[in-house]
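Here the structure is a predicted model, which is why all the values come from computation and not from measurement. The figures here come from the full heavy-atom set of this structure, side chains too, leaving out hydrogens, waters and symmetry mates.
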Amino acid sequence: MAQRFNYNAKPSEGLKLLYEMEKVINHSSISKTIRELIKIRASQINKCAFCLNMHTAEARKLGETEQRLYCLSAWEECDFYTVEEKAALQLTEHITLIPDHGVTDALYQHVRRFFNEEQYFELLIIIGQINTWNRISIAMGNTAK
């Protein structure tokens with residue numbers, strides 16, 4: 001499938017706002033590593049090859065190992081993700097699949113053990129944003145190159 005049209009050629013107000021949100025996310029207190037792991041895990045769930053390609057490349061530039069990238073879909077069974085990363089990934093899965101899982105009080109309390117109130121909200125923004133990008137990329141026919 002080819003990209004349906006170049007939506008960056010003449011960005012809409014909505015697209016401009018999405019790019020502004022990226023600037024906010026890039027200045028969040030959530031580590032770059034956790035941000036990229038969130039983006040990769042949500043993109044795996046959503047089957048967005050374009051975003052997977054982009055964010056695994058970005059993670060490698062940050063020093064992420066092949067082992068951690070290859071095992072991300074089975075993060076729960078791995079000892080080489082930190083407890084903070086695992087909490088963020090669990091939240092990512094629950095929000096990405098919100099009709100199936102929801103976000104229980106128990107999950108909220110678990111995540112809050114590692115992230116303060118502001119950081120919890122930052123996680124929600126990061127997860128929501130990558131889910132939006134996944135849906136745009138898939139609907140626009142973007143492919144990994």
Side-chain angles (χ1 to χ4, degrees), residues 1-101 103 107-108 110-145:
M1 177 187 312
Q3 186 179 37
R4 295 189 168 128
F5 62 86
N6 183 356
Y7 52 89
N8 280 305
K10 187 178 175 191
S12 68
E13 286 303 311
L15 187 59
K16 290 176 188 174
L17 290 171
L18 287 172
Y19 285 129
E20 287 299 314
M21 184 61 77
E22 287 300 318
K23 292 177 187 176
V24 170
I25 288 169
N26 288 335
H27 290 95
S28 78
S29 65
I30 304 301
S31 75
K32 289 180 181 179
T33 298
I34 290 177
R35 290 192 316 246
E36 290 306 316
L37 291 175
I38 287 169
K39 292 172 184 181
I40 295 165
R41 185 65 191 122
S43 298
Q44 287 174 332
I45 293 166
N46 291 322
K47 299 181 181 180
C48 183
F50 180 83
C51 292
L52 275 169
N53 188 52
M54 177 192 311
H55 293 294
T56 54
E58 186 61 32
R60 285 183 186 97
K61 287 180 193 174
L62 294 172
E64 194 56 76
T65 66
E66 295 299 310
Q67 179 188 37
R68 284 171 40 100
L69 292 175
Y70 294 148
C71 292
L72 191 55
S73 64
W75 62 266
E76 291 173 300
E77 300 174 26
C78 302
D79 293 333
F80 42 80
Y81 298 104
T82 68
V83 291
E84 293 86 1
E85 290 168 341
K86 286 184 172 188
L89 291 168
Q90 185 178 16
L91 185 63
T92 300
E93 290 184 359
H94 279 248
I95 291 173
T96 301
L97 299 168
I98 206 159
D100 299 333
H101 302 294
V103 178
L107 176 56
Y108 171 77
H110 175 69
V111 173
R112 285 297 311 281
R113 288 178 47 215
F114 309 104
F115 298 96
N116 66 32
E117 192 172 85
E118 182 179 339
Q119 290 172 319
Y120 178 81
F121 193 73
E122 288 175 339
L123 288 170
L124 299 181
I125 296 298
I126 295 164
I127 296 164
Q129 180 82 348
I130 190 57
N131 275 283
T132 297
W133 282 122
N134 287 166
R135 283 149 178 77
I136 289 170
S137 290
I138 292 166
M140 290 303 297
N142 295 350
T143 58
K145 296 179 182 179

Exercise for the section: Mind running side-chain contact (heavy atoms from CB on, under 4.5 Å) on Val111 and Val103 for me, showing each step along the way? Expected result: CA-CA 11 Å; Val111 173; Val103 178; over 6 Å; no
Completion exercise
Between the CG atom in Leu107 and the NE2 atom in His101, the distance rounded to the nearest 0.5 Å is 10.5 Å
Practice task
Give the minimum heavy-atom separation between Ser29 and Gln119, together with the two atoms involved.
Solution key: OG-CG, 3.2 Å
Completion exercise
Separation between OG (Ser43) and CG (Leu72), nearest 0.5 Å, reads 10.0 Å
Completion exercise
Of all heavy-atom pairs linking Arg41 and Leu89, the shortest is CB-CD2, 3.7 Å
Problem - Ring geometry between Trp133 and Tyr19 (parallel below 30°, tilted from 30 to 60°, perpendicular above 60°) - result: tilted
Handout entry: Separation of Ile126 CD1 from Leu91 CG (nearest 0.5 Å)
Key = 10.0 Å
Problem - Greater than 12 external heavy atoms within 6.0 Å of Lys86's NZ - result: yes
Practice task
Give the intermediate values and the outcome of side-chain contact (heavy atoms from CB on, under 4.5 Å) for residues Gln90 and His110.
Solution key: CA-CA 10 Å; Gln90 185 178 16; His110 175 69; 3.5 Å; yes
Problem - Any side-chain heavy-atom pair of Asn46 and Arg135 under 4.5 Å - result: yes
Handout entry: Summary of salt bridge (Lys or Arg N to Asp or Glu O under 4.0 Å) pairs that have at least one residue in residues 59-81, sequence neighbours excluded
Key = Arg60-Glu66, Glu64-Arg68, Arg68-Glu85
Exercise for the section: Determine the minimum heavy-atom distance between Lys23 and His27, stating which atoms define it. Expected result: O-ND1, 2.7 Å
Exercise for the section: I would like to know whether Thr92 and Ile130 meet side-chain contact (heavy atoms from CB on, under 4.5 Å); could you show each step before the answer? Expected result: CA-CA 10 Å; Thr92 300; Ile130 190 57; 5.8 Å; no
Handout entry: Polar side-chain atom of Gln129 near backbone of Leu18 as donor-acceptor pair, under 3.5 Å
Key = yes
Problem - The single option from Ile30, Val24, Ile34 passing side-chain contact (heavy atoms from CB on, under 4.5 Å) against Glu122 - result: Ile30
Practice task
For Glu118, look at atom CD and say whether over 12 heavy atoms of other residues, nucleotides or ligands are found less than 6.0 Å away.
Solution key: no
Problem - Polar side-chain atom of Asn53 near backbone of Ala49 as donor-acceptor pair, under 3.5 Å - result: no
Practice task
With side-chain contact (heavy atoms from CB on, under 4.5 Å) as the test, would you mind laying out the steps for Ser28 and Ile125 before giving the verdict?
Solution key: CA-CA 10 Å; Ser28 78; Ile125 296 298; over 6 Å; no
Practice task
State the CD1-CG distance between Ile38 and Leu123, to the nearest 0.5 angstrom.
Solution key: 5.0 Å
Practice task
Check whether the ring centres of Trp75 and Tyr70 lie less than 6.0 Å apart, and answer yes or no.
Solution key: no
Fill in the blank from the handout: Closest heavy-atom pair, Arg112 versus Tyr108, reported as atoms and distance to 0.1 Å, is NH1-OH, 2.7 Å
Fill in the blank from the handout: dist Ile40:CD1 -> Arg35:CZ (nearest 0.5 Å) comes out at 12.5 Å
Practice task
Please round to the nearest 0.5 Å and tell me the distance separating atom CZ of Phe50 and atom CG of Asn134.
Solution key: 11.0 Å
